[in-house]
Amino acid sequence: AYTAPRNPLEQLLADIFQELLNLDRVGIHDNFFDLGGHSLLAVRLSTRIETSLGLVVPLTAVFRGPTVAQLAGEIGANQVTGNAGVVVPLQVSGPLAPLFCLPGLGGHAFGLMKLARKLGNRRPVYGLQPHSIEAQGEALDRLEDIARTHIDAMRTVQPQGPYHLAGFSVGGLIAFEMAQQLTREGEQVALLALLDTYSPTYSPVLPFVVRLGLHLQELWNRPWGEAIEYCRQRLKARATRIRRLVLREEDRPIDGAGSLAAAIHRTAVAMRRAIRSYKPRKYDGSIIMFTAQKTPQWLGSRYDDPLLGWGQFAAGPTEVVGVPGAHLDILEYPAVIDLAKAIRERLDALETSASTSTASGSPCRPFPEP
């Protein structure tokens, strides 16, 4: 039932909820995420509160108190200054070994919340995020260093393997480097799941001559008016890309952004530098690829490698699992349901295999208690 705001702070938060969620009315016990909120909107929520109250509200506080009443209580009790750190508990119940998940570029671990919920409650799920997302510290710009900080933080939860790692997009690169470092240290990585992660060396762009032919074919099949507009749009897009490349616009600070948005942008800038300089080496273990079945329809590009460029870096077995939807869809409903089911099936198979090995007397390190 609808419960109206009881004080000016709750009224302010309710108004912000309504604006961001495009709703006519929000009660103080309505859940931001149940009403359609997601991690990107949560960042905007934090920015709006900072603008209105002059108070930085980290995403941790939003996910800890997703209703107007709860968030107002956190703000009133001055609890909003907490930092989530590198390890973010997404789902902490269950007797099985935990799964550690990594978000995409500049992402906050809470963007993985829907995946964690759909994985069930038999296995804890922890997010691993860059330390600079909510802190005001310097963002790391070497993938090897980022992976090392993630490993050190992960070991505070699970001191030894076998480890289960899953990374979305850029997070898959970090998970891959973590697996490399862990195996060199003699640890076992039972699961390395790359969630629609492209290899740094994979380029879907076709050769220039082929792309030119495709554009000429497009022009030939269009009326003169449409052909001229097509050329104008293509030249405009090319000029924009050149300007961004020359001026490094993506690396510039965001004017007028809140502290949280600025921290996420700063982290994304450093992460892009890390990706450009990363030189992956061949991995001796197995990889499971969870790839979005709907690929971008960009003229002059092709996505015909099911391994997304990882074939040359995988010495062990590689499995490819298709997930409905496009790249950004697979962590959202309804695609995340299929993704969680597929990951859960692979984890269950690993559990069965480990139990069989133990029962037959084969040496097998037991899963640690979370």
Side-chain angles (χ1 to χ4, degrees), residues 39-40 43-44 47 59 84 86 88 101-112 127-151 153 165-181 194-205 237-281 289 291-292 295-296 298 300-301 303 305 308-310 313 326-328 330-331:
S39 57
L40 293 179
V43 173
R44 293 178 59 190
T47 302
L59 288 190
V86 176
V88 180
C101 297
L102 294 89
L105 182 68
H108 195 288
F110 281 115
L112 302 163
L128 297 175
Q129 64 186 16
H131 74 284
S132 55
I133 282 289
E134 289 191 355
Q136 298 301 317
E138 187 70 21
L140 299 175
D141 60 1
R142 290 186 70 252
L143 210 68
E144 295 84 352
D145 295 338
I146 298 170
R148 171 48 52 189
T149 61
H150 281 36
I151 289 173
L165 305 174
F168 169 68
S169 191
V170 174
L173 294 179
I174 304 173
F176 180 83
E177 176 59 25
M178 289 176 66
Q180 292 275 30
Q181 294 185 22
L194 306 184
L195 313 182
D196 212 44
T197 298
Y198 291 83
S199 158
T201 61
Y202 179 59
S203 175
V205 180
R238 175 63 62 180
T240 299
R241 283 196 293 270
I242 292 174
R243 185 180 69 249
R244 287 177 176 173
L245 180 64
V246 173
L247 301 179
R248 307 296 295 230
E249 290 184 346
E250 292 181 340
D251 294 352
R252 293 181 178 180
I254 305 175
D255 293 333
S259 299
L260 176 59
I264 290 175
H265 177 74
R266 185 174 65 251
T267 302
V269 169
M271 190 72 73
R272 277 193 288 267
R273 289 198 296 267
I275 296 168
R276 287 193 290 264
S277 64
Y278 182 55
K279 307 296 182 186
R281 292 180 289 180
M289 307 280 305
T291 60
T295 56
W298 294 333
S301 300
Y303 296 83
D305 182 2
L308 304 183
W310 288 105
F313 301 114
H327 178 71
L328 295 177
I330 65 174
L331 293 182

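Under the ring-ring contact (aromatic ring centres under 6.0 Å, His included) criterion, F168 pairs with H327, sequence neighbours left out.
With a 4.5 Å cut-off on side-chain heavy atoms, E177 and P280 do not count as touching. Considering only heavy atoms from C-beta on, D196 comes within 4.5 Å of L308 through its side chain. The shortest side-chain heavy-atom distance between Y278 and E144 falls under the 4.5 Å cut-off. L140 places none of its side-chain heavy atoms less than 4.5 Å from the side chain of M271. You'll find the side chain of F313 stays beyond 4.5 Å of the side chain of R281, heavy atoms only.
Put simply, NE2 on H108 and CG on L40 are 12.0 Å apart, with the number rounded to the nearest 0.5 Å. Distance check: L195 CG to C101 SG gives 7.0 Å after rounding to the nearest 0.5 Å. Residue H150 holds its NE2 atom at 4.5 Å from CD1 of I174, rounded to the nearest 0.5 Å. Between the NE2 atom of H265 and the CG atom of L105 there is a distance of 10.0 Å, given to the nearest 0.5 Å. Taken from CD1 in I264 to CZ in R266, the straight-line distance is 10.0 Å, to the nearest 0.5 Å. Here CZ of R44 is found 9.0 Å from OG1 of T47. Values are rounded to the nearest 0.5 Å.
In this structure, Q129 contributes its side chain and A109 its backbone to a donor-acceptor pair below 3.5 Å. Between the side chain of S169 and the backbone N or O of G171 there is no donor-acceptor pair closer than 3.5 Å. With T197 contributing its side chain and L194 its backbone, the two residues share no donor-acceptor pair below 3.5 Å.
In terms of heavy-atom proximity, A139 sits nearest to A270 at CB-CB, 3.6 Å. Taking every heavy atom of both residues into account, L331 and G111 meet most closely at CD1-O, 4.3 Å. The shortest heavy-atom contact between V86 and T149 is CG1-O, 4.5 Å. Across every non-hydrogen atom of S277 and D141, the tightest pair is OG-O, 4.3 Å.
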Inset, instruction - Output, in order, the C-alpha distance, side-chain angles, deciding distance and verdict of side-chain contact (heavy atoms from CB on, under 4.5 Å) for L128 and M178. - result: CA-CA 11 Å; L128 297 175; M178 289 176 66; 3.9 Å; yes
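No close placement of the Y202 and W310 rings is indicated, their centers lying 6.0 Å or farther apart.
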